[in-house]
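Working notes, structure below.
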Amino acid sequence: MEDPSGYEFFTPAEAIAYQEELRNRITIKELIKPIKTIAGADISYNKYSEILYAAIVMFKYPEMQVITTSTAISHTSFPYISGLLAFREVPALFIAWNNLYIKPDVLVLDGQGIAHERRTGIATHFGLLTNAVTIGSAKSRLAGKYQEPANSTFAESPMYDKDEQIGVALRSKKNCNPIYISPGHNISIPQSVDVIKNCIRGYRIPEPTRQAHLLVNKIRIEHGDNNTTQLGLFD
DNA sequence: GCGACAG
DNA sequence: ATCTTGTCGC
């Protein structure tokens, strides 16, 4: 498994070429091993800063009680480009991951898995990098067509790219927009959806990524990185 | 050519 | 991604 620390020096064209390579190594299949632990990961940063904060929160599954957490502060100059999110966020997340004493049986990331034009969303990319079992849980759609799921809790609708199913639009909470679930690596689509359903605790966002989001913002504020304005540009 | 476009 | 209070609706 290689080191993602050099991603910030990739050009967008190189990043896309790398995704085309990764694509050939994706494994989507039923996970046999029982899931006893699950973790959520998230990234936070200021709009005008190249400092990234990463957090992972690990839970006992399916009880969903926190076992441990890991955080990291890192830097990147790779910009946010739709479709290339992993090249911006994976390096920081990789540090937090390596700081975990024990790895979770499943990792949920905030973003797509294979529901991506080249099947290489951040969850898939990170799964291939670490050989972890990963699931993508995104708050908005990147790729794929789907019918709007019914307005009831856990209503779901498959997402397709051409004739290939790449994920599921899941109504995790009534009267809320769906979330977009897709396997990252080493797990199937139905199993990914099942696991995410078991992680819903009354909020739209599943507990693993929801708690990771709360923690990563907490450490960012504690670090003093909470400026709301871009300083010294016009006055 | 035009619209869409994870975080 | 982040900033940010109240407010409308189920």
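Throughout, protein chains are lettered first and strands after them, A, B, ... in sequence-line order, and every chain is numbered starting at 1. Note that these values count all heavy atoms, side chains included, but never hydrogens, waters or copies made by symmetry.
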Exercise for review: Just grab all the salt bridge (Lys or Arg N to Asp or Glu O under 4.0 Å) pairs involving residues 110-131 of chain A, residues at least two apart or on different chains.
Suggested key: A:D110-A:K139, A:R119-A:D161, A:R119-A:E164
**Study point:** Atom of A:A41, atom of A:L107 and distance for their closest heavy-atom approach
**Key:** CB-CD1, 4.1 Å
Point to revise | Enclosure of A:K29 NZ (heavy-atom neighbours >12, cutoff 6.0 Å) | key: yes
Exercise for review: Given side chain to side chain donor-acceptor pair (under 3.5 Å), test A:Y61 with A:D105 step by step and report yes or no.
Suggested key: CA-CA 9 Å; A:Y61 182 93; A:D105 294 328; over 6 Å; no
Review point. Parallel under 30°, tilted from 30 to 60°, perpendicular over 60°: which one fits the rings of A:Y18 and A:H125?
Key: tilted
Review point. With no hydrogens and no angle check, do the side chains of A:S77 and A:E50 hold a donor and an acceptor under 3.5 Å apart?
Key: no
Point to revise | Spacing between A:N46 atom CG and C:dT4 atom C1', to the nearest angstrom | key: 14 Å
Check your understanding: Is the backbone N or O of A:R141 less than 3.5 Å from a side-chain atom of A:Q112, with the two atoms forming a donor-acceptor pair by type?
Key -> no
Exercise for review: Could you check whether A:H213 gets within reach of a base, just the sugar-phosphate, or nothing at all, counting any heavy atom under 4.0 Å?
Suggested key: sugar-phosphate
Check your understanding: Taking a pair as Watson-Crick (N1 to N3 plus N6-O4 or O6-N4) or G-U wobble (N1-O2 and O6-N3), both under 3.5 Å, which stems of 3 or more consecutive pairs involve DNA chain B?
Key -> none
Point to revise | Base versus backbone protein contacts along nucleotides 1-7 of chain B [heavy-atom cut-off under 4.0 Å; B, S, -] | key: ---SSBB
Practice item. Would you tell me if any nitrogen or oxygen in the side chain of A:N217 comes within less than 4.0 Å of OP1 or OP2 on C:dT2? Key: yes
Revision key, fill the gap. Separation of C:dT2 atom P from A:D225 atom CG, nearest Å, is 11 Å
Review point. For A:D225, does its backbone N or O pair with a side-chain atom of A:R220 as donor and acceptor, under 3.5 Å?
Key: yes
**Study point:** Protein-to-nucleotide contact annotation, 5' to 3' order, nucleotides 5-10 of chain C [B base; S sugar-phosphate only; - none; under 4.0 Å, heavy atom]
**Key:** -----S
Distance-only check: which donor-acceptor pairs under 3.5 Å involve side-chain atoms of residues 153-160 of chain A, not counting sequence neighbours?
| residue | atom | partner | partner atom | Å |
| --- | --- | --- | --- | --- |
| A:E156 | OE1 | A:K197 | NZ | 2.8 |
| A:S157 | OG | A:Q147 | N | 3.4 |
| A:S157 | OG | A:Q147 | O | 2.7 |

For residues 81-93 of chain A, run the donor-acceptor check on the side chains, cut-off 3.5 Å, and write out each pair with its distance to 0.1 Å, sequence neighbours left out.
| residue | atom | partner | partner atom | Å |
| --- | --- | --- | --- | --- |
| A:R88 | NH1 | A:F78 | O | 2.7 |

